[in-house]
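The structure appears right after this line, and notes come after that.
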Number of protein chains: 2
Amino acid sequence: MSVGIRHDDLRRRNRAMVISAVRRAGHPSRTEIAATTGLSHSTISAISSDLIQEGILAESRASESVSLKRGRPQVGLSLNPEAAAVLAVVLSLNFLSVAVIDYAGQVVAEEQRRLDTLTMSRDELIGECVAIVRRQLEDPDLDVQSVARIALAIQGITDSSARAMLWSPITPQTNIAFADILEDEFGIPATMENDCNMMAVALRWRDPDRYRDDFIAILLSHGIGMGLVLKGELFTGTHSSGGEFGHMIHRPGGALCRCGRRGCVEAYAGNYAIWRNARQLSENAEPVADVSDADMRALATRARETDGPEREAYRKAGEALGFGLGSLFALIDPAPVAMVGASAAAFDLIEPALREAIAQTAGGQHSGSISFDTEPNELPLIREGCAMRALSFVDQEIFAPGVQARGGSAGKNVA
Amino acid sequence: MSVGIRHDDLRRRNRAMVISAVRRAGHPSRTEIAATTGLSHSTISAISSDLIQEGILAESRASESVSLKRGRPQVGLSLNPEAAAVLAVVLSLNFLSVAVIDYAGQVVAEEQRRLDTLTMSRDELIGECVAIVRRQLEDPDLDVQSVARIALAIQGITDSSARAMLWSPITPQTNIAFADILEDEFGIPATMENDCNMMAVALRWRDPDRYRDDFIAILLSHGIGMGLVLKGELFTGTHSSGGEFGHMIHRPGGALCRCGRRGCVEAYAGNYAIWRNARQLSENAEPVADVSDADMRALATRARETDGPEREAYRKAGEALGFGLGSLFALIDPAPVAMVGASAAAFDLIEPALREAIAQTAGGQHSGSISFDTEPNELPLIREGCAMRALSFVDQEIFAPGVQARGGSAGKNVA
DNA sequence: AGTATTTTTTCGAGGCTCGAAAAAATAAAG
DNA sequence: CTTTATTTTTTCGAGCCTCGAAAAAATACT
């Protein structure tokens with residue numbers, strides 16, 4: 001049962017509106033905020049005055065140019081970078097990275113590290129993550145008190161409450177409650193996110209016009225992942241991170257997938273599958289652990305040059321993706337798609353078969369109008385999404401002092 | 001951009017909470033409502049007193065027994081049946097029905113009518129719908145002023161704004177804006193709903209324990225349809241009613257589907273497909289227009305008796321449904337499933353292959369725990385869902401007098 | 001009849017948003 | 001350089017809304 005609205009929730013929510021309006025718009029004036037939120041000028045004035053006093057917002061005097069107009073000039077509001085900081089940690093195959101981001105969204109420090117995730121023990125894996133976070137928190141330039149959130153993204157399935165990794169292709173370990181581990185270690189609220197979901201979050205921030213309420217981000221990499229935004233909200237499963245597009249069934253009983261089952265989309269479109277087909281190996285051949293980006297590029301080059309098994313492998317990948325998307329579109333209606341990851345660079349080889357396949361499906365009735373965008377570099381996107389996710393959380397914590405005042409660095413210091 | 005919360009929205013929403021608490025609970029006391037909504041006793045007292053004065057709620061004195069306890073007895077609140085009425089219209093293959101439902105949810109009048117939807121012209125189809133509604137509205141026992149909503153459910157695809165039928169298997173006509181037509185004709189707000197979505201709505205009301213936040217209703221009939229509730233809300237596509245489970249691709253390039261494409265789940269599991277396979281016709285054979293329920297029952301009987309092509313046909317249906325559900329579960333995580341419609345009576349023939357197939361998919365990892373429920377009669381369910389949908393809408397209109405006071409029969413008449 | 005107990009209503013306090021008016025800050029005009 | 005026009009922002013009182021505490025109401029128990 002959803003609960004009634006208390007009187008004090010009202011202020012809390014409207015504060016949130018103001019903060020998120022500022023985060024979205026950059027340097028909006030109070031008047032602009034009033035317009036986008038629909039609240040009255042008096043309310044905006046009261047709320048923003050509070051937020052400034054609390055050190056969350058700051059007046060960014062003389063907002064550049066716009067002194068052309070007549071009356072009193074607008075004074076832009078911006079996020080105070082020092083109001084808080086967050087950590088974005090990204091754990092992917094053989095690679096761990098962390099970034100410290102200030103409240104305004106700027107990266108203030110970062111570190112990257114290669115490791116061998118596939119062979120590491122559970123404790124080693126956890127230890128590396130904890131250690132890389134600790135190194136950042138020990139940086140003397142950073143006010144540890146201001147760190148309000150850690151978001152950790154991982155390639156794999158996470159639980160719907162964003163606490164734990166349930167399964168991941170980058171490690172044989174399962175069920176690691178990273179969020180709890182980090183919280184216990186550092187006393188900072190933490191979440192465990194799915195990498196593809198973070199890609200989607202980032203795309204939304206990067207290009208809100210193109211990726212607004214409904215869109216799909218597909219990771220074309222060793223495996224196939226998906227982040228889905230529907231009706232303006234990240235779509236997650238009911239128990240897990242959900243959206244296991246790569247493991248929808250393309251051909252019942254078909255090619256052997258890395259997950260041990262048969263006929264998944266990934267078993268035709270993942271790097272290992274393209275590799276396997278290009279080598280004309282059996283569909284039952286055990287998936288290889290990793291194919292280097294260089295090898296995949298070579299494969300793509302060869303596929304472009306001659307009409308051999310390499311080209312056919314990409315064709316099959318496109319077909320699998322197309323039918324998979326078609327089935328997906330049958331459920332959710334078509335939406336813009338962003339193809340992310342190394343294999344997105346070979347999308348020219350994939351697209352024809354993909355479009356041909358999708359046109360044969362219920363979801364592909366207007367397949368011509370479905371737009372595909374490519375972004376070969378997934379890591380920056382994932383980190384960016386992580387950061388925005390963590391910052392949005394902070395937005396929702398700092399403005400909720402009615403429930404539990406955060407004793408952080410943003411105390412009242414003026415009146 | 002979501003809009004800020006105005007001060008008067010607060011009352012409006014809390015009124016809604018109270019009304020829906022009463023609709024859900026039956027005869028809750030004010031104290032019980034306070035408990036479920038989390039609002040204070042004083043607030044509940046004020047709101048319910050308003051609602052009673054406005055004729056929306058009524059005190060149902062001496063709520064049966066519970067005079068066992070000591071203190072002042074609770075006085076149950078109930079919906080005033082005369083506060084409003086709604087019409088539920090269901091249009092399915094060769095069949096049109098309407099029911100008048102009072103505000104408390106009781107059917108007060110109904111009419112059913114056979115017609116030949118497949119051959120009717122556009123105007124005839126619209127005319128029949130308008131006529132059957134008109135006949136109910138002209139009933140002298142009915143206060144036309146009190147009719148606050150018409151909900152029309154149709155088998156087929158509707159648009160996401162619930163205004164029009166886009167496509168339906170029961171008629172060659174497309175794009176009929178039934179909601180607008182009915183509104184123009186009678187001046188009563190109307191909506192156009194998808195039949196399977198209404199099934200899901202009804203299941204939620206019928207058995208809220210089993211069908212709470214996440215579940216799936218699948219219609220096994222001539223075609224295959226689905227209604228999906230995720231996180232407590234009806235899931236619809238972004239442009240259309242969405243959830244075209246029957247047209248997810250089971251086998252690329254496979255059996256000919258009624259929709260003209262190949263390999264859809266429906267092309268294996270719809271009545272016509274089972275019929276086609278049982279007759280050992282080619283997968284390319286044109287789907288028949290209709291198979292009678294009696295024929296399907298005979299088919300099922302024969303399948304149970306001998307291990308022939310009939311049994312194999314049901315096995316194939318189960319397999320298609322299983323792989324389809326597996327792909328669906330890969331996206332949304334497993335959830336309870338209700339199998340509705342005539343073929344649900346033959347679910348014993350379908351289930352083994354279904355479970356075997358689903359176990360081979362990513363979504364079926366715990367396939368043993370997925371529960372299936374069967375309900376052979378879809379029509380009452382659809383009508384019930386329609387009625388509840390319409391009533392919920394009324395709940396949200398009557399309690400919103402701040403925006404636009406409804407001048408209906410529920411005016412203030414005491415103070 | 002009196003007491004205990006539970007439900008419901010009443011009443012004042014505290015908050016929040018809103019509209020209108022005032023104040024502030026600038027460009028244009030004289 | 002002063003005045004006027006214009007636009008943004010703040011101030012202030014009014015009107016609601018919810019809440020907690022206390023009172024009132026209605027019944028069972030003694």
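Residue numbers start from 1 in every chain, and the chains themselves are labelled A, B, ... in the order their sequence lines are given, proteins ahead of strands.
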Just the rounded figure in Å: distance from P of dT18(D) to CZ of Arg12(A).
16 Å
B/S/- contact track for nucleotides 6-11 of chain C, protein heavy atom under 4.0 Å:
BBBBB-
According to ring pair (Phe, Tyr, Trp, His ring centres under 6.0 Å), who are the partners of Phe215(B), at least two apart in sequence or on a separate chain?
Tyr211(B)
Interatomic distance where CG belongs to Asn14(A) and C1' belongs to dG15(C) [whole Å]
13 Å
Listed partners of Arg30(A) passing salt bridge (charged side-chain N to carboxylate O under 4.0 Å, His left out), at least two apart:
Glu59(A)
CZ of Arg11(B) versus P of dG15(D): gap in Å, rounded?
17 Å
Kindly write out the residues that satisfy ring pair (Phe, Tyr, Trp, His ring centres under 6.0 Å) with Phe393(A), not counting sequence neighbours, or none if the list is empty.
none
With sequence neighbours left out, write down each residue that passes salt bridge (charged side-chain N to carboxylate O under 4.0 Å, His left out) with Arg72(B), or none if nothing qualifies.
none
Rounded to whole angstroms, how far apart are CZ on Arg6(B) and P on dT18(D)?
17 Å
Are Glu233(A) and Lys231(B) close enough for a salt bridge, meaning some N to O gap below 4.0 Å?
no
Side-chain N or O of Ser40(B) closer than 4.0 Å to phosphate OP1/OP2 of dG20(D)
no
In whole Å, I'd like the distance from the CG atom of Asp9(A) to the P atom of dT17(C).
12 Å
Hey, could you give me each pair passing salt bridge (charged side-chain N to carboxylate O under 4.0 Å, His left out) that has a residue in residues 36-48 of chain A? Not counting sequence neighbours.
none
